[in-house]
Number of protein chains: 2
Amino acid sequence: MENIKQDILPECELHEEHLDLIERGRARLPETTELYDLSDFFKVFGDSTRLGILFAIDGAPMCVCDIAAVLGMTKSAVSHQLKVLRQNRLVKYNKVGKNVFYELSDDHVRDIIEKALEHIEE
Amino acid sequence: MENIKQDILPECELHEEHLDLIERGRARLPETTELYDLSDFFKVFGDSTRLGILFAIDGAPMCVCDIAAVLGMTKSAVSHQLKVLRQNRLVKYNKVGKNVFYELSDDHVRDIIEKALEHIEE
DNA sequence: CGAATAGTTGAATAGTTGTTCAACCGTTAT
DNA sequence: ATAACGGTTGAACAACTATTCAACTATTCG
């Protein structure tokens, strides 16, 4: 999902103390793939439509049409975003007749959003 | 940062039960502006370079050049992303001679990243 | 002073992303 | 069977975003 950029020569003069800081900084850095997984995860929450969907279905499962009505959007747009949420396992669904009811896949999702809300209100 | 889409007519047939579901869904939905603030906040974390910076400076303040060396990127690219982190008050800095040392603005940032890491490892 | 280094910035470009539109599939009801 | 509805999908387009490049500021040092 993103390009890899590694092992480019630093452009600044590297005194001993800085070399030490760089060494320590590298040690704190997670694996590249983990960094990408993490940013991809946050990207899912970085869209107001997807957040809206998560809030809407939090507590009561809803079908696509009703989610679209709640958000004031087309079924298609909502369905596209539900696909993203599905792929990241943030929602689960079950079909009932012509309807597909979506709900939060677990309470973990709620936690993450609440933590962020806390930070914002300050 | 995003377009507003509201009060579009729902396209699906609205039986009474669905009207009730929609009503409840709307009640759970936060204010539009709050939804945008929240998604904007997550967007900041939705980039591996910015996450890398946050991990790198977590624990020890670092100057731009050293951050660039840790990540294997140019100073310019790092500086651009530091600006985003500054604007969202996730980092603070102080100048020492020619260097600008950046550090995490508070422990809240750490918490949020850890919560997400928990969710991913599963 | 002038040269060198650290950092910032704006414009340009390439890549990504969200919504729309139209076509499609599956289920239900006539 | 066929029409109608709920939902999904792929292509296209517009808007956005991250990196690069070059130019710039500020500070230090000779």
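FYI, side chains are in, hydrogens and waters are out, and symmetry mates aren't considered; it's all heavy atoms of this structure. Lettering follows sequence order; numbering is per chain, from 1.
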Measuring from the side chain of [X] (C-beta onward, heavy atoms only), which nucleotide among [options] has the closest atom?
X	options	value
K43(A)	dT17(C), dA6(C), dT19(C)	dT17(C)
K75(A)	dT8(C), dT8(D), dT17(C)	dT8(D)
K83(A)	dT8(C), dG10(D), dT19(D)	dG10(D)
V64(B)	dT19(C), dT8(C), dG7(D)	dT8(C)
R50(A)	dT19(D), dG7(D), dG18(C)	dG18(C)

So with a 6.0 Å cut-off around CZ of R24(B), is the heavy-atom count from everything else above 12?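 It does not: R24(B) CZ has 12 such atoms or fewer within range.
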Roughly, in whole Å, what's the span from [atom1] in [X] to [atom2] in [N]?
X	N	atom1	atom2	result
F45(A)	dT17(C)	CZ	P	16 Å
Y36(A)	dT16(C)	OH	P	12 Å
E17(B)	dG6(D)	CD	P	12 Å
L82(B)	dA6(C)	CG	P	16 Å
F101(A)	dT8(D)	CZ	P	12 Å
D47(A)	dT16(C)	CG	C1'	13 Å
N94(A)	dG7(D)	CG	C1'	14 Å
Q87(A)	dG18(C)	CD	P	12 Å

So, is [X] near the phosphate of [N], with a side-chain N or O under 4.0 Å from OP1 or OP2?
X	N	answer
Y102(B)	dT8(C)	yes
S79(A)	dG7(D)	no
Y93(B)	dT8(C)	no
Q81(A)	dT17(C)	no

Let me check something: any side-chain donor-acceptor pairs from residues 83-98 of chain A under 3.5 Å, sequence neighbours excluded? List them with distances.
unit_1, atom_1, unit_2, atom_2, d
R86(A), NE, Y102(A), OH, 3.2
N88(A), ND2, V84(A), O, 2.9

Report each atom pair, protein N/O against N/O of nucleotides 21-26 of chain D, whose distance is under 3.5 angstrom.
unit_1, atom_1, unit_2, atom_2, d
dC21(D), N4, S76(B), OG, 2.6

Of all residues at least two apart in sequence or in a different chain, which pass the side chain to side chain donor-acceptor pair (under 3.5 Å) check with [X]?
X	value
D111(B)	none
D106(A)	none
H18(A)	D66(B)

With sequence neighbours excluded, what pairs up with H80(A) under the ring-ring contact (aromatic ring centres under 6.0 Å, His included) test?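 In terms of ring-ring contact (aromatic ring centres under 6.0 Å, His included), with neighbours along the sequence ignored, H80(A) is linked to no residue.
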Apply the side-chain contact (heavy atoms from CB on, under 4.5 Å) test between M62(B) and each candidate in N99(B), V100(B), I67(B); give the one that qualifies.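 When N99(B), V100(B), I67(B) are each tested with M62(B), the side-chain contact (heavy atoms from CB on, under 4.5 Å) holds only for I67(B).
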